[in-house]
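Not measured: the values here are computed from a predicted model.
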Amino acid sequence: MPILAVGHTVYPEDVPKVLISMPEDLLRHVDDAAQRRGESRSGFIQRIAEHEIVESNAQLRKELEELLEPPLDLGGRTAAELVREGRDTR
């Protein structure tokens, strides 16, 4: 979806409009940042939201990959064989 630019805000039929609430000083910062980038308020918020979602998904994917690290090298033996060996050595 293209980011909306200042002065050229056109809402296609498939783009829902939303009402959000935020503190006035934050809104002022959003408007200032959007203006510096030549974006509309909507375009700026859209870009930031998309960025946050991508970053969040990347972090979750990294955490999941760390949890699912490759299995331990069992030296060609099965887990059951290792358990039996452990019992036999006690």
Side-chain angles (χ1 to χ4, degrees):
M1 172 176 289
I3 293 175
L4 306 174
V6 173
H8 302 297
T9 303
V10 177
Y11 297 100
E13 289 181 27
D14 64 338
V15 176
K17 296 175 190 148
V18 296
L19 176 68
I20 62 171
S21 299
M22 69 177 66
E24 197 170 318
D25 60 332
L26 178 57
L27 181 59
R28 198 168 26 258
H29 289 303
V30 166
D31 287 343
D32 291 345
Q35 185 177 22
R36 282 193 306 273
R37 295 182 64 92
E39 296 175 325
S40 66
R41 178 189 292 164
S42 293
F44 179 80
I45 293 171
Q46 175 185 321
R47 183 175 54 77
I48 296 301
E50 288 175 350
H51 174 77
E52 181 61 27
I53 291 167
V54 167
E55 289 297 312
S56 177
N57 286 345
Q59 180 62 32
L60 291 172
R61 187 172 19 262
K62 179 182 173 190
E63 291 171 11
L64 183 60
E65 287 171 355
E66 288 172 1
L67 288 172
L68 299 175
E69 287 181 348
L72 298 174
D73 179 15
L74 303 178
R77 297 172 289 178
T78 67
E81 291 170 331
L82 289 174
V83 169
R84 277 191 217 103
E85 286 176 19
R87 269 189 278 148
D88 294 343
T89 59
R90 287 191 264 171

Sort and list the pairs that fulfil side chain to side chain donor-acceptor pair (under 3.5 Å) and have at least one residue in residues 57-67, not counting sequence neighbours.
-> Q59-E63

For S40 and A34, which heavy atoms make the closest approach, and how far apart are they?
-> O-CB, 3.7 Å

E55 side, atom CD; I53 side, atom CD1 - distance, nearest 0.5 Å = 11.5 Å

Common cluster, I48/I20, ILVMFWY with side-chain heavy-atom separation under 4.5 Å | yes

Report the distance from atom CZ of R36 to atom CZ of F44, rounding to the nearest 0.5 Å.
-> 8.0 Å

Taking salt bridge (Lys or Arg N to Asp or Glu O under 4.0 Å) as the test, write out the residues that go with R84, two or more places apart.
-> none

If you round to the nearest 0.5 Å, how far is NE2 of H51 from OG of S56?
-> 11.0 Å

Identify the two heavy atoms, one from E81 and one from G76, that lie closest to each other, and give their separation to 0.1 Å.
-> OE1-O, 4.5 Å

Side-chain touch E39/Q46, heavy atoms, less than 4.5 angstrom = no

Co-membership, hydrophobic cluster, residues L60 and L68, 4.5 Å side-chain | no

Closest heavy-atom pair and its distance - R41, V30 = CG-CG1, 4.2 Å

Rounded to the nearest 0.5 Å, what's the gap from OG on S21 to CG on L27? Could you check?
-> 10.5 Å

Rounded to the nearest 0.5 Å, what's the gap from CG on L82 to CZ on R77? Could you check?
-> 4.5 Å

